[in-house]
Amino acid sequence: MSASSSSPSPSSPLLKTTNSDSGRDGDGAQLLALGHKPELKRNHTKLSMLGLAFAILNSWTALSATLSIALPSGGPSAVLWGLAISGLCNICLSASLAEFLSAWPTAGGQYHWVAEISPEEWVPLLSWICGWINCTGWVLLVATGGSLGGQVIGGLVGLMHPDYEVSNLETFWMYSAFTIASFLINAFGNRVLPLFTKSAFLWSISGLAIISATLLIATSEYQPAGFVFKKFVNETGWPDGVAWLMGFLQGALALTGYDAVAHMIEEIPNPTKEGPILMVYAVMIGMATGFAFLTVLLFCMGDIQDVISATEGPLLSIFYHATRNKALSACLTIFPLGCLLFASTTLMTTSSRILYAFARDNGLPFSAIFATIHPTLQVPLNSLLLTTIPVLVLGSLYLISTTALNAIFSTAVISLTLSYGFPVLINVLTGRRRLPDDRDFKLPGIMGWVCNLVGLGFACGCTVLFILPPQLPVTRENMNYSFLVFLIIVGISTLAYNFGGKGVFTGPVTESHHRHHPVAQGAAEADAEGGWRPGMAILAYDVEEEDEEGEGEEESAVTVCRRDVRR
């Protein structure tokens, strides 16, 4: 099939290049080649994007805030070594996803990658399922920021005023304050968001160093190394092996969300090279800082049972035990509180981008509403609201049942982990042959297989463990309802597909579709209409096809992309 013989203007936004020196025009054309008109500003740098990813993980803060859950399930040994194992597995999984990000840098992330490598007849269904799971996981994950923030503030009140009991209503208001503040920063502070995420990174690292130094200096008596690295505790009722594995889940929770880099990829320059590296680095830094901070906390910990049962929470309990000073403990708490505000904000940023991307591909009801960028604020405002309102509604569960709210948080991790496994599983089943060979980030040979299989095993194991009840015997109060919540999500997604998405959602426009169906269009025409949009023809060049008799090949005059995609 031949395209037009006329060459496009060198300034045409349709031209794609993988040359790192091509600048923002090449980045925009690369997005055009994936079927989307560039609308978001590429105003993030490597540091600001790393700050965003690290703020979302905020591993040392999340790990310390959830110690009361992990310590009864394996004790210090599960807390530390569980994080190490979880970190290595997440590095394998993030590296597996980084290959996709290097090949197809679009905010759609996992559901777009599934569409690129799936058999054509399965693209709509598989892409739809992955997209809904990923979008739901991110909306639910936003709720964790406000929840942990409210818990830390409640613990601080309990430390300063032991006789005062924070009500569920007050916790809800604190949760809502975090959520609304995050919305306002996202809606009206887009221009300063790169500075905000850089500050998040520096604040987190500084807080880690200051708190660790203060605790190590102030503590009068340390726990022995045998306690920190070997102590095993099982108060769950499960067999010891299962209990240890359940403690290992704390590390999985603290390292979830690194796909944020993928969903923000349309806002950084040179995405095919920088994005994959940032994704993997975020997990490495999260694991290293989390392990270091947990080691400090465990060495400075007093009696483990006091920490588990402390009304002010494990973190403040350790602060006060080490410093014996409530005012100093309160000052140290400023750092994790700031980290949680950064986390809540950046979680909402990422959630709005994946919702915007999925709506852009007709994956949501009323997609035209949510696939718009506010002309003045330059953010997907409607998608921000689509995140904020459900999160506030979920917060009302504080007034009914904290057990149900915990199920929401577990479901967030399950959903995201499954969305990570979707493209990797298809890649493995197709022999790792559908990724383009000329991608910037590539796992060589056996390393690719090892990372893929380890990542898949980890995703499956975490999913099973996250649906188990935390204690035996199972009661209505300690039952884990996350599997029920996940089934509800799948049910809603299925109904939405059958009654609204089927026949309308055909999957995202893929690069391989462009290769097999190239249609010429004049560059001037595309420029006049503001660049490429779904429904418009695209330019394609260096596309080699056999003619009808299979007797020869011909080369078209213009190129959108040069990929070795085997369908």
Side-chain angles (χ1 to χ4, degrees), residues 53-54 56-98 225-234 236 238-259 279-299 304 314 409-410 412-414 416-421 424-425 428 443 446-468 470:
F54 185 67
I56 285 173
L57 296 181
N58 243 308
S59 301
W60 69 269
T61 306
L63 288 164
S64 59
T66 56
L67 270 176
S68 59
I69 300 173
L71 287 175
S73 302
S77 65
V79 167
L80 273 183
W81 301 119
L83 173 63
I85 295 172
S86 178
L88 292 174
C89 291
N90 270 300
I91 288 173
C92 289
L93 193 51
S94 64
S96 299
L97 295 178
F227 171 87
V228 174
F229 298 107
K230 298 180 181 179
K231 178 70 174 178
F232 177 79
V233 176
N234 182 7
T236 65
W238 287 98
D240 288 349
V242 177
W244 194 91
L245 287 173
M246 293 181 72
F248 158 92
L249 290 177
Q250 186 200 28
L253 171 64
L255 294 173
T256 295
Y258 46 82
D259 60 316
M279 183 183 286
V280 178
Y281 276 4
V283 179
M284 290 180 173
I285 296 173
M287 180 180 70
T289 55
F291 192 91
F293 191 62
L294 283 178
T295 303
V296 171
L297 291 182
L298 293 172
F299 269 115
I304 189 172
F409 301 153
S410 295
V413 181
I414 292 172
L416 289 182
T417 303
L418 286 176
S419 76
Y420 300 160
V424 179
L425 176 61
V428 167
L443 295 172
I446 190 66
M447 183 182 294
W449 283 102
V450 170
C451 286
N452 288 175
L453 294 175
V454 170
L456 280 176
F458 174 74
C460 293
C462 280
T463 300
V464 172
L465 290 171
F466 263 109
I467 64 177
L468 294 178

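Here the structure is a predicted model, which means the values were calculated and not measured. No hydrogens, no waters, no symmetry mates; every other heavy atom, side chains included, goes into these values.
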Q) What residues form a side-chain contact (heavy atoms from CB on, under 4.5 Å) with Ser77, not counting sequence neighbours? A) Trp81, Phe232, Trp244

Q) What pairs with Ser59 under side-chain hydrogen bond (donor to acceptor under 3.5 Å, both in side chains), at least two apart in sequence or on another chain? A) none

Q.
For Ala412, give me all partners under side-chain contact (heavy atoms from CB on, under 4.5 Å), at least two apart in sequence or on another chain.
A. Leu140, Leu141

Q.
Just to verify, what does Ile304 make a side-chain contact (heavy atoms from CB on, under 4.5 Å) with, not counting sequence neighbours?
A. Leu71, Pro76, Phe227, Val233, Met301, Ile308

Q | Close side-chain approach of Leu245 and Val242, heavy atoms under 4.5 Å | A | no

Q: Report the distance from atom CG of Leu255 to atom OG of Ser86, rounding to the nearest 0.5 Å.
A: 5.0 Å

Q: Apply side-chain hydrogen bond (donor to acceptor under 3.5 Å, both in side chains) to Ser419 and list each qualifying residue two or more places apart in sequence or on a separate chain.
A: Gln110, Asn134

Q) Pick from Val228, Thr295, Leu67, Leu63: which one makes a side-chain contact (heavy atoms from CB on, under 4.5 Å) with Val79? A) Leu67

Q.
Going by side-chain hydrogen bond (donor to acceptor under 3.5 Å, both in side chains), name the residues that satisfy it together with Ser410, two or more places apart in sequence or in a different chain.
A. none

Q) Once you round to the nearest 0.5 Å, how far does CG of Leu97 lie from CG of Asn452? A) 9.0 Å

Q. What pairs with Thr236 under side-chain hydrogen bond (donor to acceptor under 3.5 Å, both in side chains), at least two apart in sequence or on another chain?
A. Asn234

Q. Which pair of heavy atoms, one from Cys451 and one from Leu443, lies closest together, and at what distance?
A. CB-CD1, 3.8 Å

Q. So, for Ser94 and Met279, which heavy atoms are closest and what is the spacing to 0.1 Å?
A. O-SD, 3.5 Å

Q | Nearest heavy atoms of Tyr420 and Gly257, plus distance in Å | A | OH-N, 3.1 Å

Q) Can you tell which of Ile91, Asn90, Leu88 makes a side-chain contact (heavy atoms from CB on, under 4.5 Å) with Met284? A) Ile91

Q. Considering all heavy atoms of both residues, which atom of Ser64 and which atom of Leu297 are nearest to each other, and what is their separation?
A. CB-CD1, 3.6 Å

**Q.** Ala53: side-chain contact (heavy atoms from CB on, under 4.5 Å) partners, not counting sequence neighbours
**A.** Val261, Ala282

Q. If you measure from OG on Ser96 to CE on Met447, what distance do you get to the nearest 0.5 Å?
A. 11.0 Å

Side chains of residues 454-464: which donor-acceptor partners sit under 3.5 Å, not counting sequence neighbours?
residue : atom : partner : partner atom : Å
Thr463  : OG1  : Ala459  : O            : 2.8

(Q) I'd like to check the ring-ring contact (aromatic ring centres under 6.0 Å, His included) partners of Phe293; sequence neighbours left out, ordered by chain and number. (A) Trp60

Q. Rounded to the nearest 0.5 Å, how far apart are CG of Leu93 and OG1 of Thr417?
A. 8.0 Å

Q. How far does OG of Ser73 sit from CH2 of Trp238, to the nearest 0.5 angstrom?
A. 11.0 Å

